[in-house]
Each structure stands twice: as structure tokens, then as C-alpha cells.
Amino acid sequence: MTAGTTIRRLLVANRGEIAVRVIRACRELGIESVAVYSDADAGAPHVAAADRSVRVGPSPAAESYLSIPRIIEAATSAGADAIHPGYGFLSENATFAMACADAGVTFVGPPPSAIMKMGSKIEARRLATDAGVPVVPGETPADQSDDGVRTAVHRVGLPALIKASAGGGGKGMRTVRAAPAIDESIQAARREALAAFGDGTLYVERLVDSPRHVEVQVFADTHGHAVHLFERDCSTQRRHQKVIEESPSPAVTSGLRDRMTQAAVAAARAVGYVNAGTIEFLVDSRRAFYFLEMNTRLQVEHPVTEQIAGVDLVRAQLLVASGAPLPWTQADLVQRGHAIEARVYAEDPAQNFLPQAGPLTEYREPRWPGVRVDSGAAEGSDVSIYYDPLIAKVIATAETRDLAIARLAAALRDFHIGGIRTNLAFLVAVLESDAFRRGDVDTAFLDREGAAVAQSSVVSHQSQVDSHQSRVVSHRAAQGLPQYDPWNGRDTVRAAAPATRPPRRRAGGSLAGALTAPMPATVLKVHVHPGDRVKKGDTVVLLEAMKMELPVRAPADATVAAVLCREGDLVQADSTLLELR
């Protein structure tokens, strides 16, 4: 640390890869790190990486990582003089930032006033407008009842987005194109917002069709300095969840970059911002841009900015929170090369991206020049049903975009994860698609073409698996070795033959009239009773896992014979939820 700084012991109020990332920065600066963990994370890698750790509660986030009293108590008991919130959870919670100040603990982030102003969509839009930044039409209704939000949707007009006012990451967001879908979308968005952020406040925004999502990294200190660190393109997203991010954006010209970055810095100054933040824009086909929102925290995709700008954003966060000036001026910052990040999720693209949970029986990260892996996982660690299914982020940097794409695809092919299904093959298929290679994608690209891309990735992945198995069988046979059965994990002495495979379970599948849980989950809502008639496609049970809602639908017109679950139940994979006849 530099002379005069005050942070000596930092509590990281988060988990997973971002917790590991912050702990690494602490180690470089000589700051002692304190991890927090829920019961589900007692043996997690971020706990082992820290200098010390504190339990903060049971597995559900609402009782641990989202509990302000428990996080503050952990910081106090550990003697921490600062808290880094990471992203998600309490990172954009002004009440939490104020609780830190009340406890005499430095909050590594913006002042509570900036969080409140940008957390209020109405206030954020007013500030952006006053700063000369164009905004997308929308409103946060004062009446937060279903009726109040419904009225706001009609005022804003369809198509519209119903969004969680607190937080981001695609959680608590629903697209509404027709009036009959409004009520269900409001309720689903509110439930997800409460589960992810502890705040069910909703915001309504007019949907801009086929835009690009381009955001600008900004950074400010307490000495009057504010800079931008160029843009990131996050248009490759599925259901509003970012999948691949890159910098520079293939769609941004130098003139557009100048206008957007100047607008972003103006918006940050208008709110009195301090520390790292992101101004998000939508860019339409005419290259017009609109202020979307400000994320008053570090972003998941911050590594691509670090790679092309040659900076350490977390280190800068800690320095600025300690009262130091920014470590660079605007003139110091230049874009170098191209960086692309892919998010590796525990999910099954072949089953509509159904989240996966369970132990990682194999975990080997790629080790390539120009490739960075940010992860909070290790072989033997568990992907829990209680949190986001993000396993790791893989970032490739190269002189050109084409080379960065090729380098990232090669690294993803060399990433070996066993025990659960992942989206690795899907990510490679996206990177190698013609549209992505051309840089010709918008925010709806994967929602339109994701199913086809997913299917091609499944075929490609199976071909690679079969080829690999064939080589292994041939090699072991030539060496006179017993054959290895990859499906039960042991050597066998039976004749070499292709393994017979984990029949694929369908989401909310049914056998002999039984509807089963596709994965371990919590029962949020039971929509039917014994004797009820249901039609094919009706949602009969709503599950929640990994901060996502999973509707279980009737496979055919039927009568409910028995309901075998209750709201609040934790059900295991393949558990029978109800029976139909």
C-alpha cells in the first residue's frame, strides 16, 4: 500500500470468482483478507484463499450474503476496517453502504447518495437528461402494486421491459409484447428481484428492438478526477443475461466512442460518483445511443477492460477507497489490442439451458498464452442450487479481434469440467458462428438463434467425446491395458466397446403420469390442486434454483391426481412433484 492509506484488513462480502479476485488484489497490496461464507460454501475455494473467514448464516442468500446485520457483524468481529461488496448481493444497496459507514467501516464503492440516485430509475434518468445524455422512455411507478406496474406498462407502451429497479445481471427482468402476459411477467420479475437483491421494486421501460448493448467503464476519486476506460460490447446475451463481452466494440466508431465516453463521464460527475462504475447504453441501428442505467459497482465483465487498458481495476478501487487519487489520468489510458470474455455456466444447452448443480468431479483450466481464467471453483467443489450457476470467466487477449476469437475458442475447448453439464461447447459454437465473427449481433441474437447454435454445439461436442473415447479405447487396447469406463469412473476388464450412457432427463419430465423436478430446487408456487384440469403447457409448479425460476409445465391435457410437494419444500432431482391422469 502507498503511504497514508487506511485499509489494513478487508472483508469481502461475496463469494465465488469475484471473492477470489478481490482476495488476490488484497494479497498484492499487503491487505489482510477476510472471507464470509454460508453453510453451502464452508469448503469453497474463496474461503481457503482468504487469510481468515467468518460464517454468516444458512445457505439461502437472504439469510447469509444478503443479510446486512450478519455481514456487518462479521466485519466487526473480524476487525475489518473495510468491506468490498463485489457484484450482485449487496453491492448496489445504499442501506448497506450506510450501515458500513455507521459501523466505522470503509465501503469500497461509491457514496450512498450516488447509489441511491442511480438506484432510483427516475432520478437516474433525470440526472442523465440534465447531463445531456439521451434516455430510453420509461418510469418507476410510485404505486408498486401489480395494478400500479400494469398501469405503468400501458403508459410506457408495448413492447416493454419490466425490470428490477435494484441490481442487474438480467435478474428480475421480463419482456412483454402482448397485454395478456403483463400480470405473469410482473409477478415473475418481482419474485426474482426479491430472491436476487432483496428488493422487489420494479421499473418499466420501452423496449428498443434489436439494439446493441454497449457500456462504458468510468472511475472517479475524491480529488475531483473522473476518467473513462473505453467501452465494452455486451450484446451477446441470452434472456438479458450477458454471455460474451468484448472490447473494443466491433460496432463503435471512433466518433461514437468519443460521444459515448464523454456522456458517461458527464453522467458520473452529475451524480457525484466515486470509485468504479459503469454507464450502460443501448445503441440502435442508426448508431444513436440511449442511457440505460448506471451500475454502481464493479461489473462481472471488468477483466476485458483490464486486459485492453493494462490496468488493475480492483487495486484502483482499494486505493481510491483509501483516499488516494486515481493511479492514472485520462491521457495515460489507451486501448491496446482486443479482449473477449466468455462466461462458463453450469447449465445444459440441450435442455433449454437448465441450470445444473452438483460436485465438480473434474476441473482443469486451460493454460494458454494470452488467456486469463477468473474462477472460484476447483476440482471437488460443489455447484450449489442456492446461487448463480457461474463457474468461471475465460478471457482471451490478442492483437486483433479475429485472433482473440480463435484464441478464446481454443482455450474453451481445452477447459475440462466433469460431474455436471456446462455451456462450454455452446460458447465455442457462438464464437464460431458467422454472425458473431462478423460482429453482427444485437441483444436478441441468442434469443432468436440460440436454439440452433445450442443444437450444433451438442452435435459437435458429442462428436469430440466419441472421437476421444475411440482414441482412448484404441490406445489402451494396443498397450494391453484394461478399458476405462468414463461413466462409472473405474477400470474394467470387459471388451472395448463404446460406453452406454447419465438417459437424458427432460425438464419437468414425466414418466407414468408423474411430473418430476429437473434438478434440486425450492418449490416457489403450486398452481394446482387434486382434481384440477390442466391443459398442455400450463405451469403447474414453479421452482426456483440458482436465482432462476423454473416452471414445470403439463406435458398434455390431464387431470391432477395428486400433489406431492408444498410451497417452500426443497426437492431433489427426479423427485415427483405431482401425478397426472
Under 4.0 Å between a Lys/Arg side-chain N and an Asp/Glu carboxylate O for [X] and [Y]?
| X | Y | value |
| --- | --- | --- |
| Glu231 | Arg212 | no |
| Arg297 | Glu92 | yes |
| Lys163 | Glu280 | no |
| Glu28 | Arg315 | no |
| Glu245 | Arg343 | yes |

When the aromatic ring centroids of Phe426 and Phe353 are compared, is their separation below 6.0 Å? yes
Would you say the side-chain atoms of Ser38 and Arg15 include a donor-acceptor pair closer than 3.5 Å? no
So Glu192 and Lys171, salt bridge (Lys or Arg N to Asp or Glu O under 4.0 Å) or not? Walk me through it. CA-CA 6 Å; Glu192 276 192 1; Lys171 301 295 188 298; over 6 Å; no
Evaluation steps, salt bridge (Lys or Arg N to Asp or Glu O under 4.0 Å), between Glu432 and Arg413: CA-CA 12 Å; Glu432 296 184 341; Arg413 285 193 173 100; 3.0 Å; yes
Just checking, Arg401 and Phe436: is the charged tip under 6.0 Å from the six-membered ring centre and within 45° of the axis? yes
Listed by chain and number, what are the ring pair (Phe, Tyr, Trp, His ring centres under 6.0 Å) partners of Phe89, not counting sequence neighbours? Tyr65
Show your reasoning for whether salt bridge (Lys or Arg N to Asp or Glu O under 4.0 Å) applies to Asp39 and Arg55. CA-CA 7 Å; Asp39 289 343; Arg55 176 186 179 273; 2.7 Å; yes
Tell me whether the rings of His223 and His225 are parallel (<30°), tilted (30 to 60°) or perpendicular (>60°). parallel
Closer than 3.5 angstrom, by distance alone: can the side chain of Gln237 be matched with the main-chain N or O of Lys242 as a donor-acceptor pair? no
